[in-house]
Number of protein chains: 2
Amino acid sequence: MSHHKSDAAGADKEFLSTFARGLDVIRSFDTDTPSMTLSAVAEKNNLSRASARRFLLTLQKLGYVSQDDKKFGLTAKVLELGYSYLASLDFSETVTPIMEEVSYQLGESCSALVLDGVDIVYVARIPRRGLIPMNLQIGARLPAYATSGGRVLMASLQSPELEDVMEKTQFEQLTAYTKGPEALRTELSKIRSDGYAIVDQELELGMRALAVPVFDRRGTARFALNSSSHVSSVSMEHIVSEYVPIMQHAARKLTEVLP
Amino acid sequence: MSHHKSDAAGADKEFLSTFARGLDVIRSFDTDTPSMTLSAVAEKNNLSRASARRFLLTLQKLGYVSQDDKKFGLTAKVLELGYSYLASLDFSETVTPIMEEVSYQLGESCSALVLDGVDIVYVARIPRRGLIPMNLQIGARLPAYATSGGRVLMASLQSPELEDVMEKTQFEQLTAYTKGPEALRTELSKIRSDGYAIVDQELELGMRALAVPVFDRRGTARFALNSSSHVSSVSMEHIVSEYVPIMQHAARKLTEVLP
DNA sequence: CAGCAACCGTTCGATAATCGGACAGTTGTT
DNA sequence: AACAACTGTCCGATTATCGAACGGTTGCTG
């Protein structure tokens, strides 16, 4: 049915390379190189200086980069790009208040996260006052297989998608407790029947995390709610008996308000 | 010296229109239209269907959009674009802990924000437990002229840049207290000598905000620290005598750790 | 189940957008 | 003054990109 595209060359008629390269230019700014000269941008992206300049001037004209004495740097406007995504989720009115209530009842941080490939991505977060266990901002990523949120979302995938994630996942023994692929499969079916996931020090020693899936009215998992706490502060039993009902109650309420 | 570019046509030799259009496609997803059919994307961006399809396929191949039954939607991966900017700021190690301390000492939320055009943009935020006055996430924008953070940043601009901001600002009477252009100029020079700005119910009734500028070692303002509170909870005198010293102390500490 | 409406997918010649090498200009350093 | 390390600009060559047109698919309706 479908033409065999020339896999070797990869020159795809439907792929806008100028656009793709431009996105790479944006992403080439990072912590190590927050600002770069035109030449540095060219080199980092395998572009000619003339091309790099065109990308930078385009971004500058659009307000996404600014120039400070030969050095180019991103402006806060690039946040608007990521913001398109957050806006399309539309959490601020409906979801955040419920998360705040959960956070208050638990006395712990509470996050919302989605699956993107083999990672989970934090899309909303209510931090706990005082010690913040890890610095997880919106947009931060963690491997799905070793996180409670990742597991509830994996558990609600259909078979082909799940296989795809399992296959692409790089299983690493992050702590002495981290489960491998086989143990994870067993765990996933347990999660399916329980309706929640607990990850006990598999991602990081001393940290326990709980997550529940949040479904929309059609029954598809839209995101996960998660809360993590120190081993010293809460026992596993307490999580199961106290935290799980609160989280599941919130998840059911969320189902009603989701479009 | 410089060619007179054909101002009428606007066809700029150094402007990569494919790239610019692609960025617009990303931004065309919003709260009202979180997912769109190919045709809808085409129409919203004034593209032919064939073009819209090329943009969407490119974004899909890069993982920024996903397709669900003829409807396209952004994925969490677009957050990585905005993340490039946050990474280039590199706040997580150095700035956030100091902000947390401020938030703890004040018992109020504490935010970091930068100036982008006539707006301020939130780039880091430590929320206060309990009532969150407004839902200000990272990336959120407010008009600079009516916010304490905006004012300290405007106050530290050089004359031509300041004039530019003043000129482009749409002054609106947001509350009965909101200052106009003339009063703002007076206020700015007061801010310059005081080293802080207080905005008393000018943005929203019942809200008072305090901000201080944070300079790097070369003396350029990099961002502002801000904290806002309810009128009922704290008096103006208390802000000046208690909050200001804490904020200014944090700002000085930040100066030392900034690159 | 034919006919229609509203979509999406694909092709291909035309065209304009993009490329990059070469040269010129600028700045700061020794 | 010579040099290094940049950025700015030009223009012919090259393709990437465009869009109209046609073909499919799906779902609805009488």
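Naming convention: chains lettered A, B, ... in sequence-line order (proteins, then strands); numbering from 1 in each chain.
- Each of A:A40 and A:S17 was assigned the nucleotide of DNA chain D with the nearest heavy atom; the assignment lying further toward the 5' end belongs to A:A40.
- We find that NZ of B:K70 is positioned 18 Å from P of C:dA5, with the value rounded to whole Å.
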message = Test salt bridge (charged side-chain N to carboxylate O under 4.0 Å, His left out) on A:E80 and B:R141; report intermediate values, then the result.
response = CA-CA 10 Å; A:E80 290 184 6; B:R141 285 172 178 261; 2.8 Å; yes
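- Across the protein-nucleic acid pair, B:Q67 atom CD and C:dG9 atom C1' stand 11 Å apart, rounded to whole Å.
- Protein atom CD of A:E14 is 12 Å distant from nucleotide atom C1' of D:dT17, rounded to whole Å.
- Between A:M36 and B:R21, the residue whose closest nucleotide on DNA chain D is further toward the 5' end is A:M36.
- If you take CG of A:L56 and C1' of D:dT7, they are 12 Å apart, rounded to a whole angstrom.
- Taking only side-chain atoms of A:R49, from C-beta outward, the nucleotide of C:dG20, C:dC19, D:dG8 with the closest atom is D:dG8.
- Within the 4.5 Å cutoff, the side chain of B:F19 has no heavy atoms near those of the A:V25 side chain.
- An OP1 or OP2 oxygen of C:dA6 is reached within less than 4.0 angstrom by no side-chain nitrogen or oxygen of B:T37.
- Separating the CG atom of A:D69 from the P atom of C:dT27 is a distance of 11 Å, rounded to the nearest angstrom.
- Within the 4.0 Å cut-off from OP1 or OP2 of D:dA21, not a single side-chain nitrogen or oxygen of B:S48 is found.
- Between B:F215 and B:L258, the shortest heavy-atom contact is O-CD1, 3.9 Å.
- In this structure, A:E43 atom CD and D:dT7 atom P are separated by 12 Å, rounded to whole Å.
- Considering only heavy atoms from C-beta on, A:R222 stays 4.5 Å or farther from A:T255 through its side chain.
- At C:dG9, one or more side-chain N or O atoms of B:R53 fall inside 4.0 Å of OP1 or OP2 (strictly under the cut-off).
- Here the nucleotide nearest the side chain of A:A50, chosen from D:dA16, D:dC6, D:dT9, is D:dT9.
- Between A:F29 and A:F72, the distance separating the two ring centers is not shorter than 6.0 angstrom.
- Between A:S51 and C:dG20 there is a side-chain polar atom (N or O) within less than 4.0 angstrom of OP1 or OP2.
- Distance, B:F15 CZ to C:dT18 P: 9 Å, rounded to whole Å.
- Taking atom CZ on A:R54 and atom C1' on D:dT7, their separation rounds to 14 Å, with Å as the unit.
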